[in-house]
Amino acid sequence: MVTVDKPKRKYDFRSIEGKWQKAWQDQNLYAAPDIPDADNKFYMLVMFAYPSGDMHMGHFRNYIIGDAVARYEMMQGKAVLHPFGWDAFGLPAERAAIDRDIHPRQWTQENVTVSRATLQKAAISYDWSREINSSEPEYYKWTQWLFIQLFNKGLAYRKRGFVNWCPTDQTVLANEQVKDGRCERCDTLVEKKDQVQWYFKITEYADQLLDDLDNLPDWPDSVKTMQREWIGRSHGAEVDFTIEDTGEKLPIFTTRPDTIYGVTFMAIAPESEIINRLNLEPEYAEAVADYQMQALRRSEIERAAATGEKDGVFTGKYAVNPYNGERVQLWVADYVLAGYGTGVVMAVPAHDTRDFAFARKYDIPIKVVIHPNADTTLEVATMEDAFTDYGPMVNSDRFDGLASFEAVKTVTDYAAQQGFGRHKINYKLKDWLISRQRYWGCPIPIIHCDKCGQVPVPEADLPVELPDVKNFLPKGRSPLADVPAYMNVACPKCGGEAERDPDTMDTYACSSWYQMRYTDPHNDQAIFNKDVASAWLPIDLYVGGITHATGHLIYFRFFHKFLRDLGLVNVDEPVTRLVCLGMVQDETGVVMSKSKGNTVSPGPLMDEYGIDITRLAMFFTAPTEKEVVWSGATMVGVQKFVHNKLFPLIENYRGSKPDLKQRFKLEEMNEYERSIFVKLNQTIKRVSDDIVRLQFNTAIAALMELLRDYDSANISSDQLNDCLVLKTIQLAAPLAPHVAEELWHQSGFEESVFRSEWPVYDPEAIVGDLIEIAVQVNGKLRDTVRVAAEADQADTGHHFS
RNA sequence: GCGAAAGUGGUGGAAUUGGUAGACACGCUGGAUUUAGGAUCCAGUUCCGCGAGGAAUGGGGGUUCGAAUCCCCCCUUUCGCACCA
């Protein structure tokens with residue numbers, strides 16, 4: 001067969017991209033309406049960016065995914081809100097600024113400028129009129145306003161306690177910012193320090209945060225599981241033991257009150273202040289003090305690493321078990337966590353692995369109170385480990401013979417009756433420590449007055465602006481404390497001399513409510529208009545990294561619920577559907593990050609191949625939730641596709657200006673027409689479904705198949721041919737917007753392809769609705785049957801009977 | 001240790017609810033074209049076998065007419081939590 005080379009029109013992206021980007025901007029294509037029709041809106045949000053330099057392929061992937069969905073929803077006729085902004089406060093900016101000897105504001109602004117330019121170059125469909133920056137007074141005024149609302153409701157408070165301290169960053173950290181005992185930002189081992197700090201009372205919302213996870217079917221299970229474990233609710237009993245000498249009550253928390261007759265000692269966390277009140281005899285006091293010092297010096301990791309090898313020190317004191325009046329030794333041991341429960345545990349060596357190891361080591365009595373079952377009994381002498389399951393109770397006085405699982409309640413009820421105990425729920429979740437001893441953050445809007453105490457800054461005086469400070473090197477206390485002009489103010493209540501709080505807030509406070517500000521970003525009278533916010537919320541799709549599963553994604557649910565309780569929003573949860581992207585790795589499998597210096601920037605790729613080809617390559621590499629190893633190899637395939645198939649497609653357009661809604665009759669088509677028409681309709685369905693489930697790689701594959709099979713020469717109907725061309729262009733538009741827009745206009749349209757209506761498939765032209773069922777006997781294919789997809793068992797059953 | 005997710009060609013990955021496994025690409029092999037290279041086009045490419053055919057979705061069992069998909073055990077990898085009483 002002789003093939004005649006047709007001269008292909010080259011896809012010259014350089015002359016095309018700029019033209020359409022300008023056109024989109026001129027016609028305000030991305031502008032969201034002020035108030036949408038709540039039934040026909042789509043709020044597409046990608047986590048906002050930390051401006052730490054230009055973006056790499058990992059960021060790029062996030063943004064083009066959001067962009068494709070936003071464009072698709074636009075073509076569905078939805079009012080789309082697709083905003084962007086900058087999470088601009090925080091330590092990295094401060095550290096970089098110190099290294100370069102410039103102001104963090106300058107460093108941040110330079111990065112914002114660069115990143116914004118790259119995003120605009122990539123033509124991400126953001127409504128830039130809604131851009132926000134958390135380090136600007138216009139924004140952080142409302143972060144402060146929120147702080148004050150929390151303060152007024154008793155949900156922002158100061159307390160003394162052992163906190164996580166990063167010696168490198170010279171500031172305290174929230175639990176969520178400690179990973180594996182190390183600072184999330186700089187990887188330094190975290191120390192414990194006894195300090196007064198500000199907290200947000202997120203524990204007030206613990207139950208809602210936990211229970212409402214059940215109402216989020218479109219959140220990944222992994223995230224919900226992580227949040228459930230992070231909140232860590234457990235039901236149990238609080239029982240008051242008594243310190244023998246002083247008579248002081250010593251409450252403990254246990255989930256196993258059924259083992260309470262087996263208590264043979266008690267253990268106190270070394271940080272606990274109870275120890276100070278024990279009036280230790282001199283012969284014990286010194287050893288206990290030494291032990292406390294030693295435990296405090298050890299990091300969490302070291303303490304936890306000694307799994308199995310428990311140690312502690314006897315206080316010389318005894319406590320009394322209220323159930324049976326037995327006196328048991330009181331120990332200090334660092335396997336007890338100060339921050340959970342009451343910081344004191346009842347130890348039941350026979351039925352708890354840790355207590356067992358401890359008792360064996362220090363030769364403390366072991367007492368069996370539960371047997372595995374009625375026929376099997378436990379002998380202390382032969383036990384090699386604790387028996388931690390439930391079973392019939394023994395040696396437990398009035399409770400003997402009860403099944404211990406049910407006895408949890410019975411035993412607790414008894415304590416409640418007698419007045420020495422109660423049912424109790426405990427959480428691993430702790431209140432959110434939000435004060436930071438650093439400069440580049442949102443100032444805490446509280447004034448400390450000797451007479452009036454903690455006084456919030458009056459709303460009219462907000463924002464409390466972050467002053468310019470020359471030297472903001474970390475020194476363990478806020479640099480703002482050394483700025484008298486900032487610190488010294490009159491008390492808003494009594495007018496007397498007072499001081500501002502010198503600390504700034506955790507940046508996670510700034511990022512916990514930005515999603516609402518986007519709905520009304522420039523409101524200077526209120527945090528946002530509640531009707532506007534209610535119309536846009538909840539976010540329909542939120543895209544971001546899995547790394548925020550227990551940090552940001554809990555905090556912002558908490559803020560959302562708080563704002564709901566203030567009456568400012570009317571839904572319970574901020575996000576309907578959450579999707580966490582896999583990381584982008586370099587060719588050696590290492591996650592791309594600025595700190596590792598292995599980033600690939602999309603900029604040069606876009607310059608060399610064009611924006612659309614770069615986007616398609618990223619999309620085509622892997623489905624959304626998987627991590628991507630970026631090698632650039634996929635560039636080749638999608639480049640061929642765009643140059644040889646997609647862009648030249650327009651040459652087959654015959655100019656019939658078809659009505660895109662007309663219906664074609666299968667029975668009037670020739671064989672080829674029928675098969676390509678079916679393929680078109682299958683492709684419409686596949687691409688639509690794939691975009692919704694964010695599986696762009698298969699959407700592109702479907703388009704490749706369609707164009708592979710398409711041959712204009714075999715189609716006699718101009719209308720059919722032209723519909724096929726135009727609908728293919730539309731299907732490609734969310735993925736390759738510049739190419740699609742160019743082709744759309746070359747076919748004679750004046751209006752943007754993104755204002756056109758997304759194609760709808762003809763259900764009658766989807767052969768896929770017939771399923772071919774292979775009938776097999778003993779694994780051999782005997783027959784195939786075609787049945788309608790909706791056919792149920794009854795329809796197909798007779799073939800097998 | 002506990003919990004979760006996942007294991008498919010040389011590679012990235014398809015197979016939306018159990019229905020002809022390997023779509024779509026990359027790479028590779030052969031051929032065509034080209035002054036040459038790149039590029040482009042055509043053909044082939046899971047494995048074994050000349051072939052008919054057989055085997056195959058980490059391994060082993062099970063349910064089913066039929067399993068990559070559902071159930072059980074084991075192995076491996078990744079992630080999360082890590083003394084939570």
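If you're wondering where the values come from, they're calculated on a predicted model, not measured in any experiment.
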Novice: Do the ring centers of A/Y335 and A/F358 come within less than 6.0 Å of each other?
Specialist: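 That pair passes the under 6.0 Å test.
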Novice: Does B/rC83 pair with anything, Watson-Crick or G-U wobble, both distances under 3.5 Å, and if so, with which nucleotide?
Specialist: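 Its partner: none found.
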Novice: Please identify each residue that fulfils salt bridge (Lys or Arg N to Asp or Glu O under 4.0 Å) with A/K249, with sequence neighbours left out.
Specialist: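 In terms of salt bridge (Lys or Arg N to Asp or Glu O under 4.0 Å), with neighbours along the sequence ignored, A/K249 is linked to no residue.
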Novice: Please state how far atom OH in A/Y427 lies from atom P in B/rA85, giving the value in whole angstrom units.
Specialist: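 Atom OH in A/Y427 sits about 13 Å away from atom P in B/rA85.
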Novice: Using whole Å, report how far CZ of A/F620 lies from C1' of B/rC26.
Specialist: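 Between C1' of B/rC26 and CZ of A/F620: 9 Å.
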Novice: Does B/rC26 have its OP1 or OP2 closer than 4.0 Å to a side-chain nitrogen or oxygen of A/K640?
Specialist: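 Indeed, a polar side-chain atom of A/K640 lies that close.
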Novice: Across the strands shown, which category fits A/S234 at heavy-atom distances under 4.0 angstrom: base, sugar-phosphate, nothing?
Specialist: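 A/S234: backbone/sugar contact only, no base atoms under 4.0 Å.
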Novice: Once you apply a heavy-atom cut-off of 4.0 Å, does A/T255 come out as touching a base, just sugar-phosphate, or nothing?
Specialist: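 Sugar-phosphate contact only.
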Novice: What nucleic acid atoms does A/D689 come within less than 4.0 Å of, heavy atoms only: base, sugar-phosphate, or nothing?
Specialist: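 Base: the residue A/D689, judged by heavy atoms under 4.0 Å, touches a nucleobase.
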Novice: Across all strands, who's sitting opposite B/rA15 as a Watson-Crick or G-U wobble pair, both distances under 3.5 Å?
Specialist: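 None - no nucleotide pairs with B/rA15, as no candidate has both distances under 3.5 Å.
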Novice: Could you tell me whether A/E705 and A/R686 make a salt bridge, using a distance below 4.0 angstrom between a side-chain N and a carboxylate O?
Specialist: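 A salt bridge links A/E705 with A/R686.
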Novice: Side-chain N or O of A/Q639 less than 4.0 angstrom from OP1 or OP2 on B/rA25?
Specialist: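 Checking A/Q639 against B/rA25: no side-chain N or O falls below 4.0 Å of OP1 or OP2.
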Novice: Go nucleotide by nucleotide along RNA chain B from the 5' end; which of A/R354 and A/M226 gets its closest nucleotide reached first?
Specialist: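 Going by which nucleotide is closer to the 5' end, it is A/M226.
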Novice: Check whether any side-chain nitrogen or oxygen of A/N644 sits under 4.0 Å from OP1 or OP2 of B/rA39, and answer yes or no.
Specialist: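 Checking B/rA39 against A/N644, no side-chain N or O comes under 4.0 Å of OP1 or OP2.
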Novice: Between A/N697 and B/rA25, is there a side-chain N or O to OP1/OP2 distance below 4.0 Å?
Specialist: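 Result: no.
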Novice: When you measure from the side-chain N and O atoms of A/K626 to the phosphate of B/rG13, is any distance below 4.0 Å, counting only OP1 and OP2?
Specialist: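 It does, given that an N or O in the side chain of A/K626 lies less than 4.0 Å from OP1 or OP2 of B/rG13.
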Novice: Does atom NZ of A/K179 have more than 12 heavy-atom neighbours, drawn from other residues, nucleotides or ligands, at distances under 6.0 Å?
Specialist: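 Counting neighbours around NZ of A/K179, more than 12 heavy atoms of other residues, nucleotides or ligands fall under 6.0 Å, so yes.
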Novice: Can you check the distance between B/rG9 and B/rG3, where both ends of the measurement are the P atom (answer in whole Å)?
Specialist: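 The answer is 29 Å between these two P atoms.
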Novice: With both distances kept under 3.5 Å, what pairs with B/rU45, Watson-Crick or G-U wobble?
Specialist: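 Pairing partner, where one exists within any strand: B/rG27.
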Novice: Quickly work out the A/E229 CD to B/rG1 P distance and round it to whole Å.
Specialist: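 Atom CD in A/E229 sits about 17 Å away from atom P in B/rG1.
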Novice: Nearest whole angstrom, please: distance from the P of B/rC84 to the NZ of A/K430.
Specialist: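 So the two atoms are 12 Å apart, to the nearest Å.
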Novice: For nucleotides B/rU11 and B/rA5, find the distance between their C1' atoms and express it as a whole number of Å.
Specialist: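 The answer is 23 Å between these two C1' atoms.
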Novice: Just by distance, do the side chain of A/S272 and the backbone of A/I268 share a donor-acceptor pair under 3.5 Å?
Specialist: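 Checked: no pair found.
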Novice: Return the nucleotide paired to B/rG7: Watson-Crick means purine N1 to pyrimidine N3 with N6-O4 or O6-N4, wobble means G-U with N1-O2 and O6-N3, both under 3.5 Å.
Specialist: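 Pair assignment: B/rG7 / B/rC75.
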Novice: Quantified in whole Å, what is the P atom distance between nucleotide B/rG62 and nucleotide B/rA56?
Specialist: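 My reading of the P atoms in B/rG62 and B/rA56 gives 14 Å.
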Novice: Going by the rule salt bridge (Lys or Arg N to Asp or Glu O under 4.0 Å), which residues pair with A/D389 if we only count those two or more places apart in sequence or in a different chain?
Specialist: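 Result, salt bridge (Lys or Arg N to Asp or Glu O under 4.0 Å) vs A/D389: none returned.
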Novice: Nearest-nucleotide wise, let me know which of A/V178 and A/Y340 is further upstream toward the 5' end of RNA chain B.
Specialist: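 The residue whose closest nucleotide sits nearer the 5' end is A/V178.
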Novice: Counting only Watson-Crick pairs (N1-N3 plus N6-O4 or O6-N4) and G-U wobbles (N1-O2, O6-N3), all under 3.5 Å, who is the partner of B/rA36?
Specialist: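 Pairing partner: none.
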Novice: Please state the C1' separation for the pair B/rA55 and B/rG1 - nearest whole angstrom.
Specialist: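 Roughly 41 Å separates the two C1' atoms.
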Novice: For A/L429 and B/rC84, what is the distance between atoms CG and C1' respectively, to the nearest whole Å?
Specialist: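 Rounded to whole Å, this separation is 12 Å.
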Novice: Give the rounded distance in Å between these two atoms: CD of A/E627 and C1' of B/rG12.
Specialist: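 Checked: the CD to C1' distance equals 12 Å.
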Novice: Please pick, from B/rA85, B/rC26, B/rA14, the nucleotide with the shortest atom-to-atom distance to any side-chain atom of A/T698.
Specialist: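 Nearest listed nucleotide: B/rA14.
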Novice: Less than 6.0 angstrom separating the ring centers of A/W331 and A/Y362, yes or no?
Specialist: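 Centroid separation for A/W331 and A/Y362: below 6.0 Å.
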Novice: Suppose we call a contact any N or O donor and acceptor under 3.5 Å apart; does that hold for the side chain of A/K310 and the base of B/rC83?
Specialist: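 Donor-acceptor pair under 3.5 Å: yes.
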Novice: Would you mind checking if A/R233 and A/D211 are paired as a salt bridge, meaning a charged N to carboxylate O distance below 4.0 Å?
Specialist: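 Answer for the salt bridge query: yes.
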Novice: If the P atom of B/rC70 is compared with that of B/rA32, how far apart are they to the nearest Å?
Specialist: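 It works out to 49 Å between them.
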Novice: What integer distance in Å separates A/R693:CZ from B/rU17:C1'?
Specialist: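 Distance, rounded to whole Å: 12 Å.
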Novice: Where does B/rG9 land, syn or anti, once you apply the within-90°-of-0 test for syn?
Specialist: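 What B/rG9 shows is a syn base, its glycosidic angle lying within 90° of 0.
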Novice: Determine which nucleotide pairs with B/rG51, using a 3.5 Å limit on both distances of a Watson-Crick or G-U wobble pair.
Specialist: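 No nucleotide pairs with B/rG51.
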Novice: Side chain of A/L337: nearest nucleotide among B/rA14, B/rA23, B/rC84?
Specialist: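 The answer is B/rC84, which lies nearest to the side chain.
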Novice: Roughly how many Å apart are B/rA25 and B/rA36, using the P atom of each and rounding to a whole number?
Specialist: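 B/rA36 and B/rA25 have their P atoms separated by 29 Å.
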Novice: Take atom CD of A/Q227 and atom C1' of B/rC81, then tell me their distance rounded to the nearest Å.
Specialist: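 Interatomic distance, CD of A/Q227 to C1' of B/rC81: 14 Å.
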